[in-house]
Protein chains: 2
Amino acid sequence: MARAAAGPEIERLIQLLARLPGLGPRSARRAALHLVKKKEQLLDPLAAALAETRDTILTCEVCGNIDTQSPCTLCRDATRDPSLICVVEEVGDLWALERAAVVNGRYHVLGGTLSPLDGVGPDDLNIPKLIERARGEEVTEVLLALNATVEGQSTAHYLTDQLADCNVSVSRLAQGVPIGGELDYLDEGTLAAAVKARKAMGG
Amino acid sequence: MARAAAGPEIERLIQLLARLPGLGPRSARRAALHLVKKKEQLLDPLAAALAETRDTILTCEVCGNIDTQSPCTLCRDATRDPSLICVVEEVGDLWALERAAVVNGRYHVLGGTLSPLDGVGPDDLNIPKLIERARGEEVTEVLLALNATVEGQSTAHYLTDQLADCNVSVSRLAQGVPIGGELDYLDEGTLAAAVKARKAMGG
């Protein structure tokens, strides 16, 4: 039985850090030590940043993004095209698309995918609000940027049905070989999709 | 140029999380999202634990361990053998030995190793205090549990010299094949040390 070398306060900090994705018990221990050693440079500002995040964070009532204001910065951005709504599963997906800076429209975060086996139905996701937004006058296209998983794709089909009478065009992301991808390392499903959706050279 | 999808508060949190060992920019982003999503279960308690650590953490004036009291829990523990001082480089090493529960004496944290090239001399480490403790009446053995690196071992030799007139026996950790280690994956230095220090079977 290992003995606790540190006081209960630090043990608690380690346990909480270990629950972050990407940190296990051992790296949480190293992270806690690092924090204690870099008290002024890291522990103090991180404690303050967490407290500030805790006190200021909001979920955008329009799109479901996370921000310190609602409607969020993206929904308020007048330079964005109001005719396009890009639907994503999670806020992390929205951030990924924003890093790539490829969507100049608005977003809509579902908060997951339909999963009857897990008891996740349409009412558990941010779907009614999406339908309502899609009926808005200025919206002409809904891009379903969902994960290329079974759950993501079946959710996309469900949404396509639901959006049928909203007078918008519904699109999805292209599927194929990722940029830089080597065929030898790709799964059969990706290769099949890439062959099926092949394009003319120079097209 | 990637755009910031989240507000400056979250971007700051991500930047600070990315400075923890074991987390890069991408995993820090995931960790921040996870924190925001698990507000009650994780963000709130972690913010509180960090604030408490910030406010209560102390360096033990005797041994250099980190605790919320000084002298620390280990130095106060009357069940520990006061005749043995185990010298380690960093607090993390102390924790590792405590997890293994193999040292039933007191500790002494040097705070690093001698490194003339980096300008780290004897006065920059917690060495004078060690000499003073080693001269204490009840101390009979100093175990130098330093890393098996060039810096650790040259520091061990320096300390052995310094402790020569302290009337204590000075020992070091055994070197050899780690438990569970496969010879094929071990470096030549370890194999050489293991052969040189070989023991009689059943001995």
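Both backbone and side-chain heavy atoms feed into the values below; hydrogens, waters and symmetry mates do not. Here is the naming used below: chain letters follow the sequence lines, and residue numbers restart at 1 for every chain.
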Can you tell me if [atom1] on [X] sees more than 12 non-hydrogen neighbours from other groups inside 6.0 Å?
X         : atom1 : value
Glu137(B) : CD    : no
Glu188(B) : CD    : no
Asn167(A) : CG    : no
Arg26(B)  : CZ    : no

Kindly list each side-chain donor-acceptor pair under 3.5 angstrom involving residues 143-163 of chain A, sequence neighbours excluded, with atom names and distances?
residue, atom, partner, partner atom, Å
Asn147(A), ND2, Glu89(A), OE1, 3.1
Thr149(A), OG1, Gly152(A), N, 3.1
Gln153(A), NE2, Asn147(A), O, 3.0
Ser154(A), OG, Val150(A), O, 3.1
Ser154(A), OG, Glu151(A), O, 3.2
Thr155(A), OG1, Leu114(A), N, 3.0
Thr155(A), OG1, Glu151(A), O, 2.7
His157(A), ND1, Gln153(A), O, 3.0
Thr160(A), OG1, Ala156(A), O, 2.7

Fill in: Residues from residues 29-53 of chain A approaching chain B under 4.5 Å (heavy atoms)
Arg29(A), Arg30(A), Ala31(A), Leu33(A), His34(A), Leu35(A), Val36(A), Lys37(A), Lys39(A), Gln41(A), Leu42(A), Leu43(A), Asp44(A), Pro45(A), Leu46(A), Ala47(A), Ala49(A), Leu50(A), Ala51(A), Glu52(A), Thr53(A)
Worksheet item: Using non-hydrogen atoms only, which part of Ile14(B) is less than 4.5 Å away from chain A: side chain, backbone, both, or neither?
Response: side chain
Worksheet entry | Leu23(A) CG to Ser27(B) OG distance, which is reported to the nearest 0.5 Å |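 The distance works out to 7.5 Å.
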Worksheet item: If you round to the nearest 0.5 Å, how far is CZ of Arg54(A) from CG of Leu13(B)?
Response: 12.0 Å
Practice prompt. Would you mind telling me which of Thr68(B), Ile66(B), Asp67(B) makes a side-chain contact (heavy atoms from CB on, under 4.5 Å) with Ile10(A)?
Written response: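 Testing each of Thr68(B), Ile66(B), Asp67(B) against Ile10(A), the sole residue satisfying side-chain contact (heavy atoms from CB on, under 4.5 Å) is Ile66(B).
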Worksheet, complete the sentence: If you tally heavy-atom pairs under 4.5 Å between each of Gln69(B), Arg12(B), Glu90(B) and chain A, the highest tally belongs to Glu90(B)
